[in-house]
Asker: 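Just passing along the structure, written as structure tokens.
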There are 2 protein chains.
Amino acid sequence: MLYTVGEIAKKLHVAPSTLRYYDKEGLLPFVERSDSGIRLFKDSDMEGLRVIECLKKTGMPIKDIKVFMELCQLGDSTIDERLALIDKQRKTVLEQQKQLQETLDTLNYKHWYYETAAQAGTCAVHDLLTAEDIPEDLRPAYQKLKKTED
Amino acid sequence: MLYTVGEIAKKLHVAPSTLRYYDKEGLLPFVERSDSGIRLFKDSDMEGLRVIECLKKTGMPIKDIKVFMELCQLGDSTIDERLALIDKQRKTVLEQQKQLQETLDTLNYKHWYYETAAQAGTCAVHDLLTAEDIPEDLRPAYQKLKKTED
DNA sequence: GCTTGACTTAAAGTTGACTTTAAGTTTTAT
DNA sequence: ATAAAACTTAAAGTCAACTTTAAGTCAAGC
């Protein structure tokens, strides 16, 4: 089964122009063309597109994704290199998870801060509070916001 | 204690031009100026800057951060609104965490894929494997990559 | 007092990732 | 056979978030 760029775009919920852009940037070395020059996507191309989608979600820039997709085209001699790139990207995602958790911790503190302020009718209530009044799990985030050194 | 834009920039590990840009965009309604027009940051401004940093990490656009910082300047009458914005942003971070975990699951599958291929010396080894040969925790990611409908 | 480095602004430039436009070709449907 | 819809490319436009530049002012150390 073969698909045009518009059909694939619908499947992936992206604009056809996005796929043409990716192709122009070299992310789709696997797509073939009809005699008249129309892109023909195979069922098996979907996996490559999903890999691109995944790498994009890690924040990898287009140019780096291109390198990976090219390695895929080169066959078994590039397996080790591809494994190294996957592992590198895995590390960045783990770091992002850590970062996002810290961000959430801060927002959780702010949520408590404003809920408490809403109860009291004023943010000034927090001037009266000491560290012990802050829920234990929110204290680290509080300390980070308040710290003055660095 | 008062600080110039360059001193604060160092503390936050950002370029001075970034802070001037934020100021121009209205993110820093709290910074004061000397008689000659030089920005003077107070110790207490650090917390506002850390809140901006936090909101930026959630992916919130500059214009939306501006709204939040302006609400902070307006005092206690905006507590409820600020709480609502924090909660909204908290939701987006939870969604991002979910997304990032799915991305990591895919990378974990790919890691296994290439490690297996490296052992065998060829990616073709995966043509011989069935679903049961794939570690159980990696199967959902595998299924997602392979699925052909949608 | 004067140089040097840091500050100021406005405006232009950069980057990445697309999107839109324009002009043309191909395929599909009647 | 022809009109409409979908495809093609190259080039220009957009957007967010900065960064750089240019021209000038201010402040600190010698």
Side-chain angles (χ1 to χ4, degrees), chain A residues 1-42 45 48-69 89 92 96 99 103, chain B residues 1-42 45 48-69 89 92 96 99 103:
Chain A
M1 189 69 186
L2 296 171
Y3 310 90
T4 65
V5 75
E7 288 164 337
I8 293 292
K10 259 186 197 161
K11 285 197 198 211
L12 296 177
H13 309 110
V14 300
S17 61
T18 304
L19 292 178
R20 294 196 187 101
Y21 166 69
Y22 287 172
D23 195 9
K24 197 175 58 171
E25 295 301 310
L27 267 60
L28 315 179
F30 47 78
V31 290
E32 303 193 5
R33 300 284 187 128
S34 75
D35 290 349
S36 56
I38 286 175
R39 289 175 189 82
L40 296 176
F41 291 78
K42 303 173 287 301
D45 293 342
L49 291 164
R50 291 215 189 84
V51 169
I52 290 170
E53 191 184 18
C54 170
L55 292 178
K56 272 192 57 58
K57 281 177 183 164
T58 71
M60 186 184 271
I62 296 289
K63 290 190 181 194
D64 294 0
I65 298 176
K66 171 189 170 153
V67 170
F68 184 83
M69 299 314 287
Q89 214 54 24
T92 81
Q96 289 171 48
Q99 247 310 273
T103 301
Chain B
M1 190 66 187
L2 296 172
Y3 310 89
T4 65
V5 75
E7 289 164 338
I8 293 292
K10 260 184 197 164
K11 286 198 197 211
L12 296 178
H13 309 109
V14 300
S17 62
T18 304
L19 292 178
R20 295 197 187 101
Y21 166 69
Y22 287 173
D23 194 11
K24 198 176 58 172
E25 295 301 309
L27 267 59
L28 314 178
F30 47 78
V31 292
E32 304 192 4
R33 299 285 187 127
S34 75
D35 289 349
S36 54
I38 286 175
R39 288 175 189 82
L40 296 176
F41 291 78
K42 304 173 287 301
D45 292 342
L49 291 165
R50 292 215 189 82
V51 170
I52 290 170
E53 192 184 17
C54 171
L55 292 178
K56 271 192 56 59
K57 282 176 183 164
T58 71
M60 187 184 271
I62 296 289
K63 291 191 180 191
D64 294 2
I65 297 177
K66 170 188 171 153
V67 170
F68 184 82
M69 299 314 288
Q89 215 53 23
T92 82
Q96 288 171 49
Q99 247 309 272
T103 300

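Naming: A, B, ... by sequence-line order, numbering from 1 per chain. All values below come from the heavy atoms of this structure, side chains included, with hydrogens, waters and symmetry mates left out.
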Asker: What residues form a side chain to side chain contact (heavy atoms under 4.5 Å, CB included) with Thr4(A), not counting sequence neighbours?
Answerer: Glu7(A)
Asker: Quick one: bend of the helix from dG1(C)-dC30(D) to dT30(C)-dA1(D) from 5 pairs per end, to 10°?
Answerer: 10°
Asker: Got a sec, which residues hit side-chain hydrogen bond (donor to acceptor under 3.5 Å, both in side chains) with Tyr3(A), two or more places apart in sequence or on another chain?
Answerer: Asp43(A)
Asker: Do Leu49(A) and Leu28(A) come within less than 4.5 Å of each other through their side chains, counting heavy atoms only?
Answerer: yes
Asker: One character per nucleotide, please: for nucleotides 14-30 of chain D, 5' to 3', B when the base has a protein heavy atom closer than 4.0 Å, S when only the sugar-phosphate does, - otherwise.
Answerer: ---BBBB-----SS---
Asker: Using whole Å, what does the distance between atom C1' of nucleotide dG5(C) and atom NZ of Lys10(B) come to?
Answerer: 11 Å
Asker: Provide, to the nearest angstrom, the distance between the CG atom belonging to Leu19(A) and the C1' atom belonging to dA17(C).
Answerer: 14 Å
Asker: Heavy atoms only: give me the nearest Ala9(A)-Ala15(A) pair and the separation to one decimal.
Answerer: CB-C, 4.0 Å
Asker: Expressed in angstrom and rounded to an integer, what is the separation of Glu53(A) atom CD from dC18(C) atom P?
Answerer: 12 Å
Asker: Verify the contact: side-chain N or O of Arg39(B) to OP1 or OP2 of dT9(C), cut-off strictly under 4.0 Å; return yes or no.
Answerer: yes
Asker: State whether the side chain of Gln89(B) and the backbone N or O of Leu55(B) hold a donor-acceptor pair below 3.5 Å, judged by distance alone.
Answerer: no
Asker: Got a salt bridge between Asp23(A) and Arg33(A), using NZ or NE/NH1/NH2 to carboxylate O under 4.0 Å?
Answerer: yes
Asker: Using atom CG of Asp64(A) as one end and atom C1' of dA17(C) as the other, report the distance to the nearest whole Å.
Answerer: 14 Å
Asker: Rounded to whole Å, please give me the gap between CG in Leu2(A) and C1' in dT27(C).
Answerer: 15 Å
Asker: Could you state the CD-P distance from Glu7(A) to dT27(C), rounded to the nearest angstrom?
Answerer: 13 Å
Asker: Which part of the nucleic acid does Arg20(A) contact within heavy-atom distance under 4.0 Å: base, sugar-phosphate only, or nothing?
Answerer: base
Asker: Restricting to side-chain hydrogen bond (donor to acceptor under 3.5 Å, both in side chains), what partner residues turn up for Lys10(A), sequence neighbours left out?
Answerer: none
Asker: Respond yes when some side-chain nitrogen or oxygen of Thr4(A) is under 4.0 Å from OP1 or OP2 of dA6(D), and no when none is.
Answerer: no
Asker: Round to the nearest Å and state the distance from Leu27(A) atom CG to dG16(C) atom P.
Answerer: 14 Å
Asker: Name each donor-acceptor pair under 3.5 Å that joins a side chain in residues 59-68 of chain A to protein atoms two or more places apart or in another chain, with its distance.
Answerer:
none

Asker: Ignoring hydrogens, what is the shortest heavy-atom contact between Met69(A) and Pro29(A)? Give both atom names and the distance.
Answerer: O-CG, 4.0 Å
Asker: In whole angstrom, give the distance that lies between atom CZ of Phe41(B) and atom C1' of dT8(C).
Answerer: 13 Å
